[in-house]
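Worksheet: the structure to be examined is printed underneath.
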There are 2 protein chains.
Amino acid sequence: MKFSKTTEYSLRILSHMSLNENELHSAEGLYEHLKIPKKYLQRILTDLARSGFIQSIRGRNGGFSFARSIDKIYLSEIINATEGFDWTPKCMFGFGECALDSPCKMHDLWVDANQSMLTMLSSTTLADLKSK
Amino acid sequence: MKFSKTTEYSLRILSHMSLNENELHSAEGLYEHLKIPKKYLQRILTDLARSGFIQSIRGRNGGFSFARSIDKIYLSEIINATEGFDWTPKCMFGFGECALDSPCKMHDLWVDANQSMLTMLSSTTLADLKSK
DNA sequence: ATAAAATGCTACCAGTTTGTAGTATTTAGC
DNA sequence: GCTAAATACTACAAACTGGTAGCATTTTAT
Ligand code: SF4
Ligand code: SF4
């Protein structure tokens, strides 16, 4: 019901970067604004680069900028990249395949509730976040 | 978006026990059915007893039975006991207080989605699970 | 060339969760 | 009383997440 710190941080970073979509953002600058532990933030940034959301420019005056247009980066993609792809909820009891003789009453309710959240996340882009 | 293993195990244990609400269930017997690591299951059982969902009877022919009627045990209570219930949804970016200048577009959607899941869990009892 | 400013990489540390092992304690049945 | 069958307790191991530290590498400015 809660995202991992890494996911939260990633969302914060990318949403903050999207406020100045076309600028180059340095880790130091992001740290000033977001106060995410500096070294950890660095690692997350390189991970996000490896995942293809942003691209890194090394050397002096380097930094990070978006590798794709922010209206094509869906929140679900980010979460996929940080939490792994198996975070999509199947069974609230943790069964891979249902182990009960007959499906329990929760199944549909659970799937529905999660599905609606999933739909929300996979239809919202970073660009959408800005356009309140 | 996913419960801890401990929570999943607890839900499995209690829902399975509720199929024979009034019987005495031994750890060994539950292990046979649920295949949860035996010693870990033992510990969860004593935790569930300490939490007041079940009561334990020690000694030969001992075991576990419900301490309360299963139509008064809500799923949210179980989750509360196993992972703490501070998962009341605030911000999907992990801000305690909103750190943005203006609330982002996700806020209402996020709160609503979480609220509906919360309502679902706190209105369903173990007894409800059976009555499919 | 050299120094400075930036990212990349590797290794380690701490806390939490999950799982294992062994022993102690309680109780029923004989 | 003694033994067997059950739960209770304690300590430890393994894996994961979050966080820290230090050095390597790349590039620009001078
Ligand atoms: S029916 Fe119930 S136990 Fe089976 S997969 Fe669905 S939620 Fe899980
Ligand atoms: S407005 Fe957005 S950033 Fe602020 S608390 Fe709500 S979800 Fe979080």
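Residue numbering restarts at 1 for every chain, and letters A, B, ... go by the order of the sequence lines.
- Here D/dA8 presents its P atom at 14 Å from CD1 of B/I44, a figure rounded to the nearest Å.
- A donor and an acceptor atom, one from each side chain of B/S4 and B/T7, are located under 3.5 Å apart.
- OP1 or OP2 of C/dG8 lies within a sub-4.0 Å distance of a side-chain N or O belonging to A/S56.
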Worksheet item: Step by step, would you call A/L129 with A/L75 a side-chain contact (heavy atoms from CB on, under 4.5 Å)?
Response: CA-CA 10 Å; A/L129 281 189; A/L75 299 188; 4.3 Å; yes

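- One can place CG of B/L34 at 17 Å from C1' of C/dG19, the figure rounded to the nearest angstrom.
- You'll find the side chain of B/E8 stays beyond 4.5 Å of the side chain of A/C91, heavy atoms only.
- Side chain of A/H25 to backbone of A/S18: no donor-acceptor contact under 3.5 angstrom is found.
- Summary of the strand contacts: A/I57 and B/H25 both lie near DNA chain D, and taking for each the nucleotide with the nearest heavy atom, the more 5' one is attributed to B/H25.
- In this pair, B/H16 and B/H33 present their aromatic rings tilted. The plane angle is within the 30 to 60° band.
- The shortest side-chain heavy-atom distance between B/T46 and B/R50 falls under the 4.5 Å cut-off.
- Relative to the ring axis of A/Y31, A/K35 places its NZ or CZ within 45° and under 6.0 Å from the centre.
- Nucleotide D/dA6 holds its P atom 8 Å from the CD atom of B/E28, rounded to whole Å.
- One donor-acceptor pair, N or O on each side, does fall under 3.5 Å between the base of D/dT25 and the side chain of A/R58.
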Can you give me the N/O atom pairs linking the protein to nucleotides 28-30 of chain D at distances under 3.5 Å, or say none if there are none?
| residue | atom | partner | partner atom | Å |
| --- | --- | --- | --- | --- |
| D/dT28 | O3' | A/N61 | ND2 | 3.3 |

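- At least one donor-acceptor pair under 3.5 Å links the side chain of A/R12 to the backbone N or O of B/F93.
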Please list, pair by pair, any protein nitrogen or oxygen found under 3.5 Å from a nitrogen or oxygen in nucleotides 16-20 of chain D.
| residue | atom | partner | partner atom | Å |
| --- | --- | --- | --- | --- |
| D/dG18 | OP1 | A/K5 | N | 2.8 |
| D/dG18 | OP2 | A/T6 | OG1 | 2.6 |
| D/dG19 | OP2 | A/Y9 | OH | 3.2 |
| D/dG19 | N7 | A/R43 | NH2 | 3.3 |
| D/dG19 | O6 | A/R43 | NH1 | 3.2 |
| D/dG19 | O6 | A/R43 | NH2 | 3.4 |
| D/dT20 | O4 | A/R43 | NH1 | 3.3 |

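- Near DNA chain C, defined here as any heavy-atom distance below 4.0 Å, there are no residues from residues 45-55 of chain B.
- Atom pair B/Q42:CD and D/dT10:C1' shows a separation of 14 Å (rounding to whole Å applied).
- Between B/L45 and B/L30 the shortest side-chain heavy-atom distance falls below 4.5 Å.
- Atom-to-atom distance recorded for A/E77:CD and A/T125:OG1 is 10.0 Å, nearest 0.5 angstrom.
- Between the CD1 atom of B/I36 and the P atom of C/dT20 there is a distance of 12 Å, given to the nearest Å.
- Remark: the A/Y9 side chain and the A/T82 side chain contain no N/O donor-acceptor pair separated by less than 3.5 Å.
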